[in-house]
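First the structure, in the form of structure tokens, and then the observations on it.
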Amino acid sequence: MSPSLSPNLSPNLSPCDQALPYVRAISAYQPGKPITQLAREMGIPVERIVKLASNENPLGMSPKAKIALEAAVSTLERYPDDFELKAAVAAHTGLGRERIVLGNGSNDLLDIAARVFLAPGRSAIFSQHAFAVYPIASLTAGAELIAVPARNFGHDLDAMRAAIRPDTRLIWIANPNNPTGTFLPFPQLESFLRSLPRDVVVVLDEAYNEYLPADVNGDSKDWLGEFQNLVITRTFSKIYGLAGLRVGYAVTSEEIADLMNRVRQPFNCNNLALAAATAALDDHEFIARSYQLNSAGMEQLVAGFRQLGFDFIPSYGNFVTFKAGDAATVNEKLLRQGIIVRPIAGYGMPEWLRVTIGIEADNRRFLQALESARG
Ligand SMILES: Cc1ncc(COP(=O)(O)O)c(C=O)c1O
């Protein structure tokens, strides 16, 4: 050890004491319990476990994506080339490639947006019960978080507008929202955007957009012409069934896309993810099948909650949040029966649990387990 360094070393000083205070204030993201973890913890065979905890696609991945993925294995000695996926997203959205940013999952894009626009001395607004990554990304960038109380478990857009301060630079909106499943009608969202100062960026997270019924779905990317402050994020983790590959995209103005691309890690989407996502985007048959399975499963769960007498929040996603009462105990009893759902106490909803819509047999097993768990 160099003698010149020793006077600064104190045996009592932890390097963590030097960590940024706003990083120390972050609560880590709590993922759904993996199947293998429950198997280890409770000795339940993996094949007896039903995981309905992470809003994954119960049909697996798009078959077209699987073929593309297998072919891409032979390219892994090369750094990725994102040309094809950007071309596919450009064709899918009708937007030029210079307005597209690719992410290692859409969480990566949320983090990139925060790093472009947030810093100590700036604030970000999000809704109570909104997706957990918004606080994490905002706090990591050093910004102050303004949490606006929810209205009927969803975003209260009037209150969010009223919460804007001179130092506010970013507003997070999830539509539909996770974990509550609430949905903001497109005309309402459009008026909200129109009412905002144009130097406040809105990140509109549409991770569950593909599950919206046609009669309520709209085309938010049409707003990009009018609102230069809008960033829309989408993911391949949900209806496309590629959660494990980590890939998503953002569409925005050319200027914001350019800034986000400067902050992005080079090669943030790997070869397998790029190939699979490109193929998945075009697999209309798989998307339609996934949508139909979700609608049928939603009806099954809602009927089950009604029959068992559980309150639930009407959902526009691939999950439903229901009032379990003593949610921690109900969750534990479900786990003992091999059913993994998602406790959401961390979202300020300690009496509620969120269940992902699964295949018919798994939904049935969940409802049977819930009936015996309510005790
Ligand atoms: C609202 C919302 N946004 C973003 C994500 C992030 O998804 P991913 O990073 O897998 O694209 C999720 C995942 O659960 C989500 O629920």
Side-chain angles (χ1 to χ4, degrees), residues 28-34 51-58 60-62 65 85 89 100-114 124 126-138 140 150 153-155 170-184 189 202-212 220 231-251 260 264-265 268-270 272-274 276-277 280-281 290 294 313 315-321 340-344 346-347 349 352 354-357:
Y29 183 78
Q30 299 287 334
K33 191 188 277 285
K51 183 185 177 209
L52 300 172
S54 300
N55 301 345
E56 296 149 343
N57 188 330
M61 73 165 83
S62 134
L85 180 55
V89 172
I100 298 165
V101 188
L102 299 180
N104 192 260
S106 58
N107 281 340
D108 187 28
L109 297 159
L110 305 176
D111 190 57
I112 291 170
F126 85 121
S127 171
Q128 181 191 21
H129 314 314
F131 184 48
V133 169
Y134 311 149
I136 294 174
S138 308
T140 303
F153 298 103
H155 296 56
L170 197 151
I171 301 178
W172 302 103
I173 306 273
N175 201 37
N177 183 45
N178 170 25
T180 56
T182 49
F183 169 69
L184 295 160
L189 209 42
V202 175
V203 175
L204 175 59
D205 175 350
E206 294 189 329
Y208 300 95
N209 171 274
E210 294 83 2
Y211 290 106
L212 287 177
S220 49
V231 178
I232 301 168
T233 60
R234 294 275 185 101
T235 184
F236 289 94
S237 300
K238 305 299 173 188
I239 211 161
Y240 298 101
L242 299 177
L245 276 178
R246 315 302 304 125
V247 53
Y249 63 90
V251 285
M260 289 177 71
R264 184 175 66 84
Q265 293 278 328
N268 60 339
C269 294
N270 67 65
L272 302 180
L274 290 169
L281 206 49
S290 301
N294 194 63
I313 305 171
S315 170
Y316 288 83
N318 64 344
F319 55 89
V320 192
T321 289
I340 313 176
V341 298
R342 188 69 153 266
I344 50 172
Y347 284 90
M349 300 178 70
W352 299 74
R354 190 196 71 194
V355 59
T356 300
I357 293 164

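As the structure is a computational prediction, the values presented were derived from the model and not from experiment. Read the numbers this way: they start at 1 and go in the same order the structure lists the ligands and their atoms.
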*Would you name the heavy atoms of A280 and L242 that are closest together and state the gap between them?*
CB-CD1, 4.0 Å

Among all the protein's non-hydrogen atoms, which is closest to [atom], and how far away is it?
{"atom": "atom 1 (C) of ligand 1", "result": "D205 OD2, 3.4 Å"}
{"atom": "atom 13 (C) of ligand 1", "result": "K238 NZ, 3.3 Å"}
{"atom": "atom 6 (C) of ligand 1", "result": "N107 OD1, 3.1 Å"}
{"atom": "atom 12 (C) of ligand 1", "result": "F131 CZ, 3.3 Å"}
{"atom": "atom 9 (O) of ligand 1", "result": "R246 NH2, 2.7 Å"}

*Give a yes-or-no answer on whether the side chains of Y134 and D205 include a donor-acceptor pair shorter than 3.5 Å.*
yes

*Cut-off 3.5 Å, side chains only: do N55 and R342 have a donor facing an acceptor?*
no

With heavy-atom distances below 4.0 Å as the criterion, list the atoms of ligand 1 near [X].
{"X": "N178", "value": "1 (C), 14 (O), 15 (C), 16 (O)"}
{"X": "G105", "value": "9 (O), 11 (O)"}
{"X": "S237", "value": "8 (P), 10 (O), 11 (O)"}
{"X": "A207", "value": "2 (C), 3 (N), 4 (C)"}

*Consider ligand 1: state whether an atom of it lies below 4.0 angstrom from any non-hydrogen atom of Y208.*
yes

_Whether N55 lies under 4.0 Å from ligand 1, heavy atom_ = no

*Do S127 side-chain atoms and A130 backbone N/O form a donor-acceptor pair below 3.5 Å?*
no

*Hey, is the main chain of P179 close enough, under 3.5 Å, to the side chain of T321 for a donor-acceptor pair?*
yes

Is the shortest side-chain heavy-atom distance between [X] and [Y] below 4.5 Å?
{"X": "L102", "Y": "I100", "result": "yes"}
{"X": "V89", "Y": "R234", "result": "no"}
{"X": "Y208", "Y": "F319", "result": "yes"}

*asked:* Quick check: T235 and ligand 1, any N/O pair under 3.5 Å apart?
replied: yes

*asked:* Looking at Y316, I'd like to know if its OH atom is crowded, meaning that more than 12 non-hydrogen atoms belonging to other residues, nucleotides or ligands lie closer than 6.0 Å.
replied: no

*With heavy atoms under 4.0 Å as the rule, classify the contact between S106 and ligand 1 as side chain, backbone, both or neither.*
both

